[in-house]
Undergrad: 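This is the structure I have questions about; it appears just below.
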Amino acid sequence: MLNIVIFGPPGAGKGTQSKLIIDKYKLMHLSTGDILRGEMANETPLGLEAKNLIEKGELVPDDIVIGMVKNKIDNNSDHKGFIFDGFPRTNDQARALDNILEERGTSISVMISLEVEEEELIKRLLKRAEEEGRKDDNIDVIRNRIKVYNEVTSSVADYYAETGRHRPVVGTGSVEEIFDRISAVIDELENKAG
Ligand code: C5P
Ligand code: MG
């Protein structure tokens with residue numbers, strides 16, 4: 001299996017690049033943010049619980065998102081691999097993901113980390129607000145999401161770096177340029193695996 005974590009602050013381009021990656025490499029997209037927004041739209045108990053946190057830019061508790069990920073993996077076990085988008089967001093989530101995959105005889109091959117300056121992130125998210133109308137894409141919530149990323153989530157990159165799986169990628173330029181950089185990382189990995 002080829003399992004990839006796509007990582008980076010809000011607005012780094014994780015969702016945009018995931019779409020291109022799943023097409024080219026035939027992977028399954030596992031976006032915890034998309035799952036949570038689906039639950040919110042359907043007003044499920046989980047969705048109602050998550051709504052308050054998401055609209056403040058806070059994190060949904062580890063056990064909830066870990067359970068969601070486990071379900072999605074087990075319901076799609078016939079796939080070539082997964083791209084994890086927006087997860088893990090804490091070191092405990094990263095450890096849990098390693099355990100879940102190990103129990104299923106597989107692992108995360110690489111974390112691709114999109115690097116984008118804060119000013120550019122805010123510009124992109126405000127533009128997305130106009131296009132998609134996401135409630136958490138307003139300036140106060142954006143600032144909190146970036147703060148949570150810096151304080152809690154960014155150290156997840158260190159967790160992967162410690163095991164030699166962290167690959168930073170410059171996240172600015174055209175969508176195609178960024179995708180070429182990501183493809184180079186994945187192709188190198190596939191060539192090594194043979
Ligand atoms: O990944 P995305 O940016 O779409 O996530 C949107 C929001 O969903 C986050 O700001 C956060 O409130 C919530 N979320 C979370 N834990 C995750 C993924 C998303 O709390 N693992
Ligand atoms: Mg996203």
Side-chain angles (χ1 to χ4, degrees), residues 3-22 27-73 82-101 108 111-116 118 120-129 131-157 159-160 169 171 175 178-179 182:
N3 297 303
I4 299 171
V5 171
I6 188 142
F7 188 73
K14 302 185 291 295
T16 303
Q17 293 297 329
S18 289
K19 289 199 189 102
L20 301 173
I21 296 169
I22 58 170
L27 301 179
M28 171 96 208
H29 189 202
L30 201 167
S31 161
T32 43
D34 285 351
I35 298 172
L36 288 167
R37 280 185 288 277
E39 299 277 342
M40 276 163 59
N42 290 324
E43 299 185 340
T44 65
L46 167 58
L48 295 173
E49 192 183 336
K51 188 176 170 22
N52 286 320
L53 292 165
I54 292 175
E55 287 181 357
K56 281 188 247 156
E58 297 293 331
L59 293 184
V60 175
D62 286 339
D63 53 341
I64 294 180
V65 280
I66 291 167
M68 277 168 29
V69 167
K70 216 186 258 181
N71 279 339
K72 184 91 175 179
I73 291 174
F82 292 93
I83 174 133
F84 295 91
D85 163 7
F87 177 92
R89 261 178 158 89
T90 66
N91 283 307
D92 282 346
Q93 290 176 18
R95 275 188 287 271
L97 181 60
D98 273 350
N99 291 334
I100 292 167
L101 294 177
I108 293 294
M111 168 199 258
I112 294 171
S113 183
L114 294 171
E115 307 205 313
V116 179
E118 187 166 322
E120 171 72 12
L121 297 173
I122 294 173
K123 215 168 80 188
R124 290 182 186 179
L125 292 170
L126 290 175
K127 183 161 166 254
R128 186 171 74 182
E131 293 164 355
E132 298 179 16
R134 258 175 67 171
K135 262 192 161 176
D136 59 343
D137 284 341
N138 75 71
I139 190 64
D140 293 332
V141 180
I142 289 170
R143 288 202 194 283
N144 191 45
R145 286 160 65 201
I146 292 174
K147 179 167 173 272
V148 169
Y149 174 82
N150 289 331
E151 288 177 1
V152 181
T153 302
S154 63
S155 74
V156 174
Y159 175 84
Y160 287 90
V169 165
V175 170
I178 301 164
F179 184 56
I182 292 175

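All ligand and atom numbering here is 1-based and tracks the order in the structure.
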Undergrad: If you compare all heavy atoms of D136 against all heavy atoms of I54, which two are closest, and at what distance to 0.1 Å?
TA: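 Between these two residues, the closest heavy atoms are CB-O, 3.5 Å.
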Undergrad: Please identify which of these residues, K127, E131, R145, R124, meets the side chain to side chain contact (heavy atoms under 4.5 Å, CB included) condition with D137.
TA: R145
Undergrad: Quick one: does R89 get an N or O within less than 3.5 Å of an N or O on ligand 1?
TA: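 Yes; at least one N/O pair falls below 3.5 Å.
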Undergrad: Pairs of nitrogen or oxygen atoms closer than 3.5 Å, one from D136 and one from ligand 1: do any exist?
TA: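 Between D136 and ligand 1 (N or O atoms, distance only) the closest approach is not under 3.5 Å.
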Undergrad: Can you tell which part of R37 has a heavy atom less than 4.0 Å from ligand 1: side chain, backbone, both or neither?
TA: side chain
Undergrad: If every non-hydrogen atom of I83 is compared with every non-hydrogen atom of S18, which pair is closest and at what distance?
TA: CG1-OG, 4.0 Å
Undergrad: Provide, to 0.1 Å, the distance between atom 14 (N) of ligand 1 and the closest protein heavy atom, together with that atom's residue and name.
TA: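 Result: L36 CD1, 3.7 Å.
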Undergrad: Would you mind listing which atoms of ligand 1 come within a distance below 4.0 Å of any non-hydrogen atom of R134?
TA: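 By the 4.0 Å cutoff, the relevant atoms are 3 (O), 4 (O), 6 (C).
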Undergrad: For a quick test of reading the model, state the closest non-hydrogen atom pair linking T90 to V156 and the distance between them.
TA: C-CG2, 3.4 Å
Undergrad: Walk me through it: do D34 and R37 pass the test salt bridge (Lys or Arg N to Asp or Glu O under 4.0 Å)?
TA: CA-CA 5 Å; D34 285 351; R37 280 185 288 277; 2.9 Å; yes
Undergrad: Within a radius of less than 6.0 Å around CD of E132, do more than 12 heavy atoms belonging to other residues, nucleotides or ligands occur?
TA: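 Count over threshold, so yes.
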Undergrad: If we ignore hydrogens and angles and just use 3.5 Å, is the side chain of T32 paired with the main-chain N or O of G86 as donor and acceptor?
TA: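 Between the backbone of G86 and the side chain of T32 there is a qualifying donor-acceptor contact (under 3.5 Å).
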Undergrad: May I ask you to list the atoms of ligand 1 that are less than 4.0 angstrom from any heavy atom of G86?
TA: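 By the 4.0 Å cutoff, the relevant atoms are 1 (O), 17 (C), 18 (C), 21 (N).
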Undergrad: Checking N144 side chain against K56 main chain: does a donor-acceptor pair fall under 3.5 Å?
TA: yes
Undergrad: Does ligand 1 have a heavy atom under 4.0 Å from the side chain of V148, from its backbone, from both, or from neither?
TA: neither
Undergrad: What is the closest protein heavy atom to atom 8 (O) of ligand 1, and at what distance does it sit?
TA: I54 CG1, 3.7 Å
Undergrad: Any idea which protein heavy atom is nearest atom 10 (O) of ligand 1, and the distance to it?
TA: R145 NE, 3.8 Å
Undergrad: Between F87 and ligand 1, does any nitrogen or oxygen pair lie at a separation below 3.5 Å?
TA: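 So ligand 1 has no N or O lying under 3.5 Å from an N or O of F87.
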Undergrad: Which atoms of ligand 1 sit under 4.0 Å from any heavy atom of E58?
TA: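 Counting atoms of ligand 1 from 1, those under 4.0 Å from E58 are 11 (C), 12 (O), 20 (O).
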Undergrad: Give the contacting part of M40 toward ligand 1: side chain, backbone, both or neither, where contact means a heavy-atom distance below 4.0 Å.
TA: neither
Undergrad: Polar contacts were defined as any N/O atom of the residue lying under 3.5 Å from an N/O atom of the ligand; does this apply to V65 and ligand 1?
TA: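 No - when backbone and side-chain N and O of V65 are compared with those of ligand 1, no distance drops under 3.5 Å.
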Undergrad: Looking at R89, is its backbone amide N or carbonyl O close enough to the side chain of Q93 to form a donor-acceptor pair, meaning the two atoms are under 3.5 Å apart?
TA: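 Present.
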Undergrad: At their closest point, which heavy atom of F82 faces which heavy atom of I73, and how far apart are they?
TA: CZ-CA, 3.7 Å
Undergrad: Taking 4.0 angstrom as the limit and counting only heavy atoms of V60, give me the atoms of ligand 1 inside it, by number and element.
TA: 15 (C), 20 (O)
Undergrad: What atoms in ligand 1 come closer than 4.0 Å to a heavy atom of Q93?
TA: 21 (N)
